[in-house]
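Input: a single structure, listed below in structure tokens.
Numbering of ligands and ligand atoms starts at 1, following listing order. Each residue takes its place number in the sequence, starting with 1.
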Amino acid sequence: MRAITTAWGLSREPFAQDIPVKDLFPLPGLASFIDRFDYAVQNGLATVITGEVGSGKSTSLRAAAARFHPSQHRVISLVATSGSLMELLRQICIALGDLPMSNSIAKMVTLVRSLLVDIASKKQVPVLLIDEAHLLRLDVFAQLHTIAQADFDSRTLIPIVLSGQINLIDKLLFHTSKPFASRIVGRSHMEALQRDDMANYLAHHVSIAGGTKPLFGADAVTAIHQSSGGLLRRAGHLAKGALLAAAAEGCPIATAEHVRIASTEIM
Ligand SMILES: Nc1ncnc2c1ncn2[C@@H]1O[C@H](COP(=O)(O)OP(=O)(O)OP(=O)(O)O)[C@@H](O)[C@H]1O
Ligand SMILES: [Mg+2]
């Protein structure tokens with residue numbers, strides 16, 4: 001992909017996945033998600049962020065968590081699996097640097113709780129982030145609250161933030177998930193971008209890659225918006241593909257035709 005940076009005089013790869021948090025585009029839903037995230041963490045509750053594939057959920061989670069200082073918060077960041085509760089408990093233990101030895105759920109829940117109490121005793125707030133949470137099984141949701149509660153529900157050991165596709169909500173609405181779902185206080189949904197926001201989003205990515213002039217014509221922006229449905233990952237792939245196609249033709253700006261060519265290369 002060096003062809004893009006060279007052809008367009010950029011200092012770094014545009015539309016990268018690993019953009020530093022300070023350089024993120026202020027997506028319309030990002031600030032309100034961060035408010036809900038903070039509220040849930042401050043109150044020891046749970047919150048949920050949903051969105052279509054590639055709408056910016058994981059990046060928003062990263063942005064929210066990056067504001068915490070490690071001396072005050074211990075962020076446990078997991079990617080969900082379709083495994084059992086035992087699997088999740090093991091993931092938490094490993095993330096906390098403890099090698100889980102037991103095959104008993106009861107012992108593992110006790111171990112996780114004692115690890116969380118240890119963190120609290122160091123005046124840190126543990127925060128559990130579970131990305132791809134739509135993959136969790138219903139039987140895991142049915143028991144998830146047991147990790148977080150202590151002393152007959154008189155205090156919360158850890159706030160929980162779930163991120164996932166929209167079917168996560170269906171799983172949370174299932175009757176066996178109610179004990180956990182009742183602890184959710186905020187629901188955020190990452191909406192697809194509107195046409196004008198998409199224009200700003202593309203220009204933002206060009207600018208943080210060191211671009212100083214517009215690289216996409218208005219017709220290209222509309223084509224990227226329509227073909228991506230306003231979703232960020234797809235928009236990024238189309239934008240990069242269009243820049244490559246335009247560079248191959250020696251065009252000074254990417255057009256809708258270049259976006260069309262790019263769209264034949266992605267799924
Ligand atoms: N605030 C932002 N500013 C700039 N780029 C962003 C922002 N949020 C997301 N992106 C870009 O959009 C792409 C998709 O974002 P992300 O991976 O967070 O989506 P997702 O909703 O978690 O996707 P999936 O459903 O596949 O897990 C990322 O590669 C990232 O570069
Ligand atoms: Mg993601």
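Surrounding CD of Gln194 are at most 12 heavy atoms belonging to other residues, nucleotides or ligands under 6.0 Å away. More than 12 heavy atoms of other residues, nucleotides or ligands sit less than 6.0 Å from atom CZ of Arg12. Around CD of Glu52, the count of heavy atoms belonging to other residues, nucleotides or ligands within 6.0 Å does not exceed 12.
Phe180 CZ to Lys171 NZ: the interatomic distance, rounded to the nearest 0.5 Å, is 13.5 Å.
Protein atoms of type N, O or S found under 2.8 Å from the Mg ion (ligand 2) total 1.
Checked against side chain to side chain contact (heavy atoms under 4.5 Å, CB included), Val79 has the following partners two or more places apart in sequence or in another chain: Glu132. Remark: Asp118 pairs with no residue by the side chain to side chain contact (heavy atoms under 4.5 Å, CB included) rule, at least two apart or across chains.
Below 30°, between 30° and 60°, or above 60°: for Phe68 and Phe37 the angle between ring planes is between 30° and 60°, a tilted geometry.
Using a heavy-atom distance under 4.0 Å as the criterion, the protein contacts of ligand 1 are Ala16, Gln17, Ile19, Leu24, Phe25, Leu27, Glu52, Val53, Gly54, Ser55, Gly56, Lys57, Ser58, Thr59, Glu132, Tyr201, His205, Leu232, Arg233.
Judged purely by distance below 3.5 Å, without hydrogens or angles, the side chains of Thr255 and Asp219 never pair a donor atom with an acceptor atom. Using modelled atom types, one finds no donor on one side chain facing an acceptor on the other under 3.5 Å when comparing His225 with Thr222.
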